[in-house]
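Note that the structure is a prediction, hence the values are computed from the model and not measured.
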Amino acid sequence: QVQLVESGGGLVQAGGSLNLSCAASRTIDTFTVMGWHRQPPGKQRELVATRSYDGSTDYAVSVRGRFTFSRDNAKNTVYLQMNSLKPEDTAVYFCYASDDLYTPPYWGRGTQVTVYS
């Protein structure tokens, strides 16, 4: 069973930064896709950033230019650097990883990010 553990969330003023981490219990280069979703209060979960096995990264329009996905294979960890945070970025942020297109992805339990103005 794969475990994904997020950390790095917290309370930050608008314009500030946070760097989320997601540590995997398995070598991350065995996953075909890894990424981040978020769930704002009272809303559905939405994609934030996703990286495919070919190294390409897609971002939600709302975070482009502000958020950056990165990975450290040696640490089996992926990151989400979030800059210029806005109150609308307030959400629980979830890390996920997929083995392939046919099986459900693995999810972390999430980390809360709260941005105040």
Side-chain angles (χ1 to χ4, degrees):
Q1 180 69 21
V2 172
Q3 292 188 338
L4 302 173
V5 180
E6 303 97 334
S7 61
L11 181 67
V12 63
Q13 190 171 19
S17 298
L18 286 173
N19 189 26
L20 305 184
S21 300
C22 171
S25 61
R26 200 179 86 190
T27 303
I28 62 173
D29 60 6
T30 61
F31 297 118
T32 57
V33 178
M34 292 194 75
W36 294 88
H37 277 63
R38 68 185 181 187
Q39 187 164 13
K43 297 183 178 180
Q44 292 186 336
R45 195 173 295 191
E46 60 188 22
L47 176 70
V48 177
T50 183
R51 175 168 289 186
S52 299
Y53 68 95
D54 62 1
S56 61
T57 305
D58 290 322
Y59 296 94
V61 172
S62 59
V63 307
R64 285 176 190 167
R66 301 187 298 121
F67 290 12
T68 303
F69 180 100
S70 64
R71 57 191 287 160
D72 185 335
N73 287 352
K75 295 182 178 180
N76 291 327
T77 300
V78 298
Y79 305 92
L80 186 69
Q81 176 65 44
M82 307 187 296
N83 298 328
S84 303
L85 283 162
K86 306 175 182 181
E88 51 263 44
D89 294 319
T90 295
V92 179
Y93 284 71
F94 298 89
C95 175
Y96 75 98
S98 296
D99 285 328
D100 53 51
L101 298 177
Y102 310 103
T103 56
Y106 308 104
W107 292 94
R109 293 187 175 184
T111 185
Q112 176 71 48
V113 171
T114 303
V115 185
Y116 65 93
S117 57

I'd like to know whether CD of Glu88 has more than 12 heavy-atom contacts from other residues, nucleotides or ligands below 6.0 angstrom. yes
Please answer whether the main-chain N or O of Phe69 pairs with a side-chain N or O of Tyr59 as donor and acceptor at a distance below 3.5 Å. yes
Expected output: side-chain Arg51 to main-chain Ser56 donor-acceptor under 3.5 Å: no
Within the side chain of Glu6, is there an N or O that forms a donor-acceptor pair under 3.5 Å with the backbone of Cys95? yes
Rounded distance (nearest 0.5 Å) linking atom CG of Leu47 with atom CZ of Arg38: 9.5 Å
Could you tell me whether Gln3 atom CD has more than 12 heavy atoms of other residues or ligands within 6.0 Å of it? no
Over 12 non-hydrogen atoms of neighbours within 6.0 angstrom of OH in Tyr116: yes
So, does Thr77 use its side chain to make a donor-acceptor pair with the main chain of Lys75 at under 3.5 Å? yes
Got a second to check how far Met82's CE is from Thr68's OG1, nearest 0.5 Å? 11.0 Å
Ion pair check, Asp89 and Arg66, cut-off under 4.0 Å: yes
Lys/Arg-Asp/Glu bridge criterion (N-O < 4.0 Å) met for Asp99, Arg26: yes
Taking the side chain from Asp100 and the backbone from Thr103, do they hold a donor-acceptor pair closer than 3.5 Å? yes
Which residues satisfy the side-chain contact (heavy atoms from CB on, under 4.5 Å) test with Thr32, sequence neighbours excluded? Ser98
Tyr93 ring center near His37 ring center (under 6.0 Å): no
